[in-house]
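Every chain is numbered from 1, with letters handed out A, B, ... down the list of sequences. Just the heavy atoms: all of them, side chains too, but no hydrogens, waters or symmetry mates, feed the values below.
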Number of protein chains: 2
Amino acid sequence: MRIGEVARRADVSVKTIRYYEHVGILPPATREPNGYRSYDSAVFDRLTFTRASQAVGLTLGEIREVIAFRERGEPPCAYVLDLIEDRGAALTVRIADLEALRTDLRDLATRGHALDPAACLPREICHVIKSPG
Amino acid sequence: MRIGEVARRADVSVKTIRYYEHVGILPPATREPNGYRSYDSAVFDRLTFTRASQAVGLTLGEIREVIAFRERGEPPCAYVLDLIEDRGAALTVRIADLEALRTDLRDLATRGHALDPAACLPREICHVIKSPG
DNA sequence: ATAAACCCTGCCCTGTAGAGGAGAGTCAAG
DNA sequence: CTTGACTCTCCTCTACAGGGCAGGGTTTAT
């Protein structure tokens, strides 16, 4: 199967498939005598796994690591669980940060609506936004 | 005052100051006869405002817009409030997405711990991660 | 006089995940 | 025979906010 057909059937772009090969998500494709890449159905397993992994927030670099385990013959499950737990912890921190920011924004909006634009001095640019200090 | 002193006193890098001039956050500095940039204390108001704005999630592009209002002689407060409310709404969506992702990750971790790595087939790379379909 | 510290412009580099296009070769159908 | 669809490699570009050099000129203190 050629790259275009793989792309259509997996609903990814041809560019993406070449890129995945470039970054090691896909092994170097075998080639037809004319140089065209040739694939068998195993490519769909890779692409499906890659998509599912991206959906849970793994980067291509991490996905490549996971695949590397598998290629060394080791089940990557333990590594995957670590990754997932790290991602989860990082996500918790990030969500907390964003929630704090959202709170700030709401306070700012509330305060801002109570302020008079005519009382905003050029020197401070806009009195709605003040430095935390 | 020269750029280095501004940088020290405002606790930003010299690079950052030049960059801000480049992108229009700061007006082109006046120059000493030798070509060195020369600043008066107004630069600190800009830098302070810029920092405070970044802290609430505005981009330099947006900050530049706000400053442009001020330079046209209009109080930018109304525009700032719009920006803040847009950011807040976008943030709410984003937080919801991340929370959904965190939920997925937790489910995945829970299910993953219950699975046997030895039962993970090479074809699926890692059975902890499955496509949503 | 000279070394250390400062300043200038201009250029490339970072990370993410590819997109877009140039220029060329290949293949099937009409 | 030629048109259109496909494929190849290689190069540049995106957003964001600067960082890190090179290679030069200037100032300040010793």
Side-chain angles (χ1 to χ4, degrees), chain A residues 1-26 28-39 43 46-67 83 86-87 90-91 94 97-98 101, chain B residues 1-26 28-39 43 46-67 83 86-87 90-91 94 97-98 101:
Chain A
M1 198 180 347
R2 308 224 267 231
I3 197 169
E5 189 178 346
V6 173
R8 266 191 306 281
R9 284 164 59 166
D11 194 29
V12 295
S13 73
V14 165
K15 279 283 191 193
T16 296
I17 296 174
R18 291 202 197 101
Y19 180 68
Y20 283 1
E21 178 177 327
H22 179 67
V23 299
I25 293 284
L26 293 174
T30 57
R31 302 290 182 133
E32 297 179 10
N34 58 17
Y36 288 12
R37 286 175 180 80
S38 179
Y39 296 93
V43 73
R46 283 289 173 96
L47 292 174
T48 299
F49 178 76
T50 300
R51 275 248 274 237
S53 299
Q54 282 188 306
V56 296
L58 301 191
T59 67
L60 292 183
E62 289 163 342
I63 296 167
R64 183 186 46 212
E65 295 302 309
V66 171
I67 289 173
L83 275 180
D86 285 358
R87 273 289 158 284
L91 206 49
R94 180 111 154 274
D97 286 352
L98 293 182
L101 181 54
Chain B
M1 198 180 347
R2 309 225 265 229
I3 196 168
E5 190 179 345
V6 173
R8 266 192 306 281
R9 284 163 59 165
D11 195 28
V12 296
S13 74
V14 165
K15 271 288 193 192
T16 296
I17 296 175
R18 291 202 197 102
Y19 180 68
Y20 284 2
E21 178 178 326
H22 179 68
V23 300
I25 293 284
L26 293 174
T30 56
R31 302 288 181 134
E32 298 179 10
N34 56 19
Y36 287 13
R37 289 177 179 79
S38 179
Y39 297 93
V43 71
R46 283 290 173 95
L47 292 174
T48 299
F49 178 77
T50 300
R51 276 246 276 236
S53 300
Q54 282 188 306
V56 295
L58 301 190
T59 67
L60 292 183
E62 289 163 343
I63 297 167
R64 182 185 46 212
E65 296 301 309
V66 172
I67 289 172
L83 275 180
D86 284 358
R87 273 290 157 286
L91 206 49
R94 173 109 181 218
D97 285 353
L98 293 182
L101 181 54

Using side chain to side chain donor-acceptor pair (under 3.5 Å) as the criterion, list what pairs up with [X], not counting sequence neighbours.
X: A:Arg18; result: none
X: B:Thr16; result: B:Ser13
X: B:Arg51; result: none

(request) Considering only heavy atoms of chain B and a distance under 4.0 Å, specify the first and last nucleotide of DNA chain D in 5' to 3' order that meet this criterion. (result)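 On DNA chain D, the outermost contacted nucleotides are D:dA17 to D:dT28.
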
(message) Walk me through whether B:Ile17 and B:Val43 qualify under side-chain contact (heavy atoms from CB on, under 4.5 Å).
(response) CA-CA 10 Å; B:Ile17 296 175; B:Val43 71; 5.5 Å; no

(request) Under 4.0 Å from any atom of DNA chain C, heavy atoms only: list the residues of residues 28-36 of chain A that qualify, in numerical order. (result)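 Listed by number, they are A:Asn34, A:Tyr36.
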
(message) Categorize A:Arg18 for me: base, sugar-phosphate, or nothing, with a 4.0 angstrom heavy-atom threshold over every strand shown.
(response)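 Base contact.
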
(request) Could you tell me whether A:Arg37 contacts a base, only the sugar-phosphate backbone, or nothing, with contacts defined as non-hydrogen atoms closer than 4.0 Å? (result)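 Sugar-phosphate contact only.
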
(message) Please evaluate residues B:Thr50 and B:Val12 with respect to the criterion side-chain contact (heavy atoms from CB on, under 4.5 Å), reporting the C-alpha separation (whole Å), side-chain torsions for both, the decisive distance (0.1 Å), and the verdict.
(response) CA-CA 11 Å; B:Thr50 300; B:Val12 296; over 6 Å; no

(request) Any pair with a residue in residues 52-67 of chain B that passes salt bridge (Lys or Arg N to Asp or Glu O under 4.0 Å), sequence neighbours left out, goes on the list, sorted by first then second residue, please. (result)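 Pairs touching residues 52-67 of chain B that pass the test: B:Glu62-B:Arg87.
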
Partners meeting salt bridge (Lys or Arg N to Asp or Glu O under 4.0 Å) with [X] (sequence neighbours left out):
X: B:Arg37; answer: B:Glu21
X: B:Arg46; answer: B:Glu71
X: A:Arg9; answer: A:Glu5
X: B:Arg2; answer: B:Glu32

(request) Would you mind reading off the distance between B:Tyr39 atom OH and C:dC7 atom C1', rounded to a whole angstrom? (result)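 In whole Å, C:dC7 C1' lies 11 Å from B:Tyr39 OH.
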
(message) Without decimals, in angstroms, what is the distance between A:His22 NE2 and C:dA19 C1'?
(response)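 In whole Å, C:dA19 C1' and A:His22 NE2 are 14 Å from each other.
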
(message) Roughly what angle, to 10°, lies between the helix axis at the start of the helix from C:dA1-D:dT30 to C:dG30-D:dC1 and the one at its end, five pairs per end?
(response)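 One end axis against the other gives 40°.
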
(request) Decide yes or no on side-chain contact (heavy atoms from CB on, under 4.5 Å) for A:Tyr19 and A:Ile25, but give the supporting numbers first. (result) CA-CA 9 Å; A:Tyr19 180 68; A:Ile25 293 284; over 6 Å; no

(message) Using only atom types and a distance under 3.5 Å, with no angle test, would you say the side chain of B:Thr30 pairs donor to acceptor with the backbone of B:Ser38?
(response)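 The answer is yes, because a donor-acceptor pair under 3.5 Å joins these two groups.
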
Pairs: protein N or O with nucleotides 12-18 of chain C N or O, under 3.5 Å:
residue : atom : partner : partner atom : Å
C:dA17  : OP2  : A:Leu60 : N            : 3.4
C:dA17  : N7   : A:Tyr19 : OH           : 3.3
C:dG18  : OP2  : A:Tyr20 : OH           : 2.8
C:dG18  : OP2  : A:Gln54 : NE2          : 2.9

